[in-house]
Amino acid sequence: MTKAAIKTVKPSGEMILKQKDGYDIFLKNDGYDYEKIWRDFERGDLPAHDFSLLNKEHRVALVKYEGRSFVVKHDWEVPRHFENKLWRVLRGPFYSNQMKQIRRAIERGCKVVPDIYLTAEKRGGFIRKESFVVMEYIAGTNLGSIGDENFPLHHKAMLTALGELHRYGMALGDCNPSNFIITDAGMKLIDLSWVGFACTGKAKDALTVKKWYGMDLPLQGPLERMAFAYIVLKGRIQKFMRGFKQRLKRK
């Protein structure tokens, strides 16, 4: 499907902005109280099943509210790399920008990413240092739980999902098996984490799936192909320099 073939559908809910308690709050205006889910989670009033146990600066949990399941993220991790910090300064808060991008993609027909219902980002300074996100829970089986020997059975679905994501101007950024969810409606992608130019993110996705899974993900334009060549060349130079330094140490 080309960009021209992407159909526009009626939005299922407009986004509104609120400023409260030092937070910039974007939420989907569809009559549901997503702000209460966030506040109850923050206070510990909602039973939560944690997904992320290793990263102490980033909490992801499954919560239930009025019979519905949601994923809530609490992120207080500051970007460590200079380019990511610069991008945050130039483009603004990460999660609210991602919410807008995902909303536009879903309204145009994208079906491979979960919807985001609320973002609340702490104001102050150039980089928001604390964020909450309430988003759609994708029920299914994550690819990381099925065993490496079963990955080839899902290669086509993985490429199809990544290809659709790329057509709508987004990149996954972390092609970890746990971010691919097998559902009855097809493969879904979660935890989009790319920060930076979309063409570079798409190139990184293509390089990662080639390296990890042996799959060829087609790149759609010259910018993506140039970014792919640049990342490959950069990796080779870095590998050469590491080997060169090791040889010097042995001498």
Side-chain angles (χ1 to χ4, degrees), residues 1-2 6 49-55 58-62 69-71 73 75 77 84 98 101-102 105-106 109-116 133 135-221 223-236 238-239 242:
M1 185 189 299
T2 63
I6 296 173
H49 170 69
D50 279 22
F51 293 127
S52 57
L53 301 175
L54 299 178
N55 189 342
H58 183 74
R59 184 186 180 197
V60 183
L62 170 66
S69 296
F70 299 89
V71 172
K73 294 183 179 181
D75 192 348
E77 183 176 12
N84 288 349
Q98 186 183 80
Q101 194 173 27
I102 286 176
I106 290 175
C110 182
K111 294 181 172 61
V112 298
V113 290
D115 200 358
I116 296 180
V133 183
M135 63 194 307
E136 179 185 3
Y137 170 65
I138 301 295
T141 304
N142 79 67
L143 201 60
S145 67
I146 66 169
D148 294 358
E149 69 278 5
N150 294 312
F151 282 5
L153 299 175
H154 301 281
H155 278 186
K156 183 177 179 180
M158 294 166 69
L159 290 176
T160 299
L162 283 169
E164 180 171 338
L165 183 71
H166 287 187
R167 283 197 298 274
Y168 286 95
M170 295 179 287
L172 182 55
D174 181 7
C175 293
N176 186 301
S178 296
N179 292 335
F180 292 84
I181 307 296
I182 306 165
T183 77
D184 294 337
M187 188 72 71
K188 307 292 183 181
L189 305 172
I190 63 172
D191 200 20
L192 276 63
S193 60
W194 179 252
V195 177
F197 293 107
C199 61
T200 310
K202 295 174 186 179
K204 183 184 177 185
D205 285 349
L207 187 63
T208 302
V209 297
K210 177 67 174 179
K211 180 179 179 180
W212 289 3
Y213 310 109
M215 300 187 301
D216 291 314
L217 177 63
L219 293 169
Q220 299 158 356
L223 288 178
E224 287 85 355
R225 291 190 285 272
M226 288 173 61
F228 184 90
Y230 166 75
I231 293 172
V232 171
L233 178 61
K234 180 180 177 182
R236 289 175 178 172
Q238 289 174 338
K239 183 179 179 181
R242 286 194 298 269

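Just so you know, these numbers use all the heavy atoms, side chains as well, and skip hydrogens, waters and symmetry mates.
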Side-chain donor or acceptor of [X] paired with backbone N/O of [Y] under 3.5 Å:
X    : Y    : answer
K202 : H166 : yes
E136 : D115 : yes
W194 : F197 : yes
E164 : A161 : no
Q101 : M170 : no

Could you give the distance from [atom1] ([X]) to [atom2] ([Y]), rounded to the nearest 0.5 Å?
X    : Y    : atom1 : atom2 : answer
L172 : S193 : CG    : OG    : 6.0 Å
T183 : N142 : OG1   : CG    : 12.5 Å
H154 : I146 : NE2   : CD1   : 4.0 Å
M226 : L219 : CE    : CG    : 12.5 Å
T200 : L207 : OG1   : CG    : 12.0 Å
L143 : D148 : CG    : CG    : 9.0 Å

Side chains of [X] and [Y] in contact at under 4.5 Å (non-hydrogen atoms):
X    : Y    : value
D50  : R59  : yes
I190 : M135 : no
V133 : D75  : no

Practice task
Let me know which of L162, D205, D174, I181 forms a side chain to side chain contact (heavy atoms under 4.5 Å, CB included) with L189.
Solution key: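 The option that passes is L162.
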Taking all non-hydrogen atoms of both residues, which atom of [X] and which atom of [Y] are closest, and how far apart?
X    : Y    : result
G173 : K204 : O-NZ, 3.4 Å
Y213 : H155 : O-CE1, 3.2 Å
A206 : V209 : O-CG2, 3.4 Å
F228 : A203 : N-CB, 3.4 Å
S69  : L62  : CB-CD1, 3.9 Å
A171 : A198 : CB-O, 4.5 Å

Practice task
Please step through side-chain contact (heavy atoms from CB on, under 4.5 Å) for the pair L192 and L165, ending with a clear verdict.
Solution key: CA-CA 10 Å; L192 276 63; L165 183 71; 3.8 Å; yes
